[in-house]
Protein chains: 2
Amino acid sequence: MSDGLPPQMGQSLLFLTDEQLRKGIEAMFFAYRGFTADPDRILMQKSYGRAHHRAIHFIHRSPGTTVNNLLSILGVTKQSLNRVLRTLIEDGLVASTVGQRDKRERHLHLTDAGAALERELSDAQRDRMRAAYRAAGPNAVAGFRQVLEAMMDEETRHHYEAMKDRME
Amino acid sequence: MSDGLPPQMGQSLLFLTDEQLRKGIEAMFFAYRGFTADPDRILMQKSYGRAHHRAIHFIHRSPGTTVNNLLSILGVTKQSLNRVLRTLIEDGLVASTVGQRDKRERHLHLTDAGAALERELSDAQRDRMRAAYRAAGPNAVAGFRQVLEAMMDEETRHHYEAMKDRME
DNA sequence: CTTGGAATGTCAACAAAGCTGACGTATTGT
DNA sequence: ACAATACGTCAGCTTTGTTGACATTCCAAG
């Protein structure tokens, strides 16, 4: 794309005023609250938190993933993840099985109960996302994704893109 | 730009597959981490957290705002906000003045030191936002904002739009 | 005018979930 | 044999959310 110094600066630089950027920042803040609001309500009833949701989401996305892998995706410490994972295993939502190839590893799967909760949570979150997508239209959705991808850290983007093309 | 969308599907409704929605959900999660990463680094050095950043941001945006008003924007309890506000006042970054009309109210302003920190934080955050905007282009930015606005709660959107048209 | 209730803000105590550091155990690979 | 890896756990700290109790101030009904 452009390097930010095109000959006609009028259109391309004007939209990058501090006010425009501030609006973008606030839009991220407010939208993220809406984004998490629906799952949060469900989780509160079950005495879980966002950390549980994240663990469930990524175990669902990558069944059989190891603790270490989950750690690097979530970007938290193992102590922090372990607390969450322990309650999920105790409650029978997540199954931890010793690795075949490497017996030090634990492979994580959702149980039926875990998959049920995952569906309940992601249904709620997808409903809002779907409504927002429909309201904004396909063109806006493409732009939405482009800006979000550009906003990620390098390393983070790798985790994101790893599963990007899983659909056929 | 391989967004996983078959070309002829772009304008239809079929683009709302669960996979597409899941990618949008993960994009929000990963992008929000990038979005807060730079300010977080600055805040950590000064022993502040994200809550301090939010308070400083919205006091800067609406000088003279009351505690109650800030409360409804941030969506937290007053006790939680108060803790953050107290340290900011003690450290001389925020000034709290008793209201003229109603002496129960406290009007909040940034001091010079507070404005300096605000600028440092928002410069860092704007740099990333600006880079993402430039990489994605003006068209994508419009879509980005449209989707985010559609994702907000009704009540939240009111706070957002209250300051939307401050620019000309 | 008084007085009781609503509104605003503060203090105290507690919980969720992140962090660091240290340590133990099983397993792998050199 | 031994160092490194993967995982779990204990202890303790921080940030930031919560509820409950309380002081101050305003306003309106009696």
Side-chain angles (χ1 to χ4, degrees), chain A residues 29 32-33 36-37 39-59 64-91 94-109, chain B residues 29 32-33 36-37 39-59 64-91 94-109:
Chain A
F29 171 66
Y32 198 78
R33 261 215 319 236
T36 57
D40 280 355
R41 265 188 291 275
I42 297 170
L43 290 158
M44 202 185 335
Q45 293 172 351
K46 307 195 189 300
S47 299
Y48 290 135
R50 247 176 243 181
H52 300 83
H53 185 189
R54 292 196 285 264
I56 288 173
H57 174 99
F58 284 104
I59 291 172
T65 186
T66 64
V67 174
N68 243 358
N69 185 34
L70 207 49
L71 241 43
S72 78
I73 291 175
L74 295 177
V76 297
T77 60
K78 64 175 175 180
Q79 294 90 331
S80 192
L81 174 60
N82 187 258
R83 189 193 307 123
V84 167
L85 229 39
R86 189 167 48 210
T87 73
L88 291 175
I89 292 171
E90 282 172 2
D91 295 352
V94 168
S96 166
T97 64
V98 174
Q100 298 287 350
R101 202 194 63 204
D102 186 334
K103 290 177 188 164
R104 293 170 303 180
E105 295 179 340
R106 303 297 140 88
H107 297 280
L108 303 170
H109 296 268
Chain B
F29 170 67
Y32 199 78
R33 265 216 315 237
T36 57
D40 280 355
R41 266 188 289 276
I42 296 171
L43 290 158
M44 201 186 333
Q45 294 172 351
K46 307 194 190 300
S47 299
Y48 290 135
R50 248 177 242 181
H52 301 83
H53 185 187
R54 292 196 284 265
I56 288 173
H57 175 99
F58 285 104
I59 292 172
T65 187
T66 65
V67 173
N68 235 4
N69 184 34
L70 208 48
L71 240 45
S72 76
I73 292 175
L74 295 177
V76 296
T77 59
K78 58 184 176 175
Q79 296 87 334
S80 189
L81 175 60
N82 187 259
R83 190 194 307 114
V84 167
L85 231 37
R86 190 168 50 212
T87 72
L88 290 176
I89 291 170
E90 281 170 3
D91 295 352
V94 168
S96 165
T97 62
V98 174
Q100 300 286 348
R101 204 193 61 206
D102 187 334
K103 288 178 187 166
R104 293 171 301 181
E105 296 180 341
R106 300 297 137 90
H107 296 280
L108 304 170
H109 294 267

Original post:
By a strict heavy-atom criterion of less than 4.0 Å, which residues belonging to residues 46-58 of chain A are in contact with DNA chain D?
Top reply: none
Original post:
Does anything in residues 65-73 of chain A reach DNA chain D, meaning a heavy atom under 4.0 Å, and if so which residues?
Top reply: A:Thr66, A:Val67, A:Asn68
Original post:
For the pair made of CG in A:Leu81 and C1' in C:dA16, what is the distance, rounded to whole Å?
Top reply: 15 Å
Subject >> side-chain hydrogen bond (donor to acceptor under 3.5 Å, both in side chains) involving B:His52 - partner list, sequence neighbours excluded >> reply: B:Thr87
**OP:** Using whole Å, report how far CG of A:Asp40 lies from C1' of C:dA17.
**Re:** 13 Å
Original post:
When you match A:Gln100 and A:Val84 each to their closest nucleotide on DNA chain C, which lands nearer the 5' end?
Top reply: A:Val84
**OP:** Report yes if a donor N or O on one partner sits less than 3.5 Å from an acceptor N or O on the other, where the partners are the side chain of A:Arg86 and the base of D:dG8; otherwise report no.
**Re:** no
**OP:** Would you sort out whether A:Tyr48 and A:Asp91 count as a side chain to side chain contact (heavy atoms under 4.5 Å, CB included), showing the intermediate values?
**Re:** CA-CA 11 Å; A:Tyr48 290 135; A:Asp91 295 352; 2.3 Å; yes
Original post:
B:Leu88 and B:Ala55: which non-hydrogen atoms are nearest, and at how many Å?
Top reply: CD1-CB, 4.1 Å
Original post:
Knowing that exactly one of B:Leu81, B:Thr65, B:Thr66, B:Asn82 qualifies, which makes a side-chain contact (heavy atoms from CB on, under 4.5 Å) with B:Leu71?
Top reply: B:Leu81
Original post:
Please walk me through it: do B:Ile59 and B:Leu85 pass side chain to side chain contact (heavy atoms under 4.5 Å, CB included)?
Top reply: CA-CA 11 Å; B:Ile59 292 172; B:Leu85 231 37; 4.1 Å; yes
Give me the distances for all protein-to-nucleotides 19-25 of chain D N/O pairs that come in under 3.5 Å?
from   : atom 1 : to      : atom 2 : distance (Å)
D:dG20 : O6     : B:Gln79 : NE2    : 2.7

**OP:** Just call it for A:Gly75: base, sugar-phosphate, or nothing, with non-hydrogen atoms closer than 4.0 Å on any strand.
**Re:** sugar-phosphate
**OP:** Quick one: sort the A:Phe58 and B:Phe29 rings into parallel, tilted or perpendicular, breaks at 30° and 60°.
**Re:** tilted
Original post:
So which one's nearest nucleotide on DNA chain C is more toward 5', B:Arg83 or B:Ile89?
Top reply: B:Ile89
Original post:
C:dA15 C1' sits how many Å from A:Met44 CE, rounded?
Top reply: 14 Å
Subject >> Contact under 4.0 Å: A:Asn82 side-chain N or O vs D:dG8 OP1/OP2 >> reply: yes
Original post:
To the nearest angstrom, how far is A:Arg101 atom CZ from D:dT5 atom P?
Top reply: 15 Å
**OP:** May I have the distance from A:Glu105 (atom CD) to D:dG8 (atom C1'), rounded to whole angstrom?
**Re:** 15 Å
Subject >> With sequence neighbours excluded, residues passing side-chain contact (heavy atoms from CB on, under 4.5 Å) with A:Ser96 >> reply: A:Ile89, A:Arg106, A:Leu108
**OP:** Decide side chain to side chain contact (heavy atoms under 4.5 Å, CB included) for A:Asp40 and A:Leu43; before the verdict, give the C-alpha distance in whole Å, the side-chain angles of both, and the deciding distance to 0.1 Å.
**Re:** CA-CA 5 Å; A:Asp40 280 355; A:Leu43 290 158; 4.2 Å; yes
Subject >> Pairing residues for A:Arg104 by the salt bridge (charged side-chain N to carboxylate O under 4.0 Å, His left out) criterion, not counting sequence neighbours >> reply: A:Asp102
Original post:
Quick check: are there more than 12 heavy atoms from other residues, nucleotides or ligands sitting under 6.0 Å from CD of B:Glu90?
Top reply: yes
Original post:
Taking the side chain from A:Arg50 and the backbone from A:Pro39, do they hold a donor-acceptor pair closer than 3.5 Å?
Top reply: no
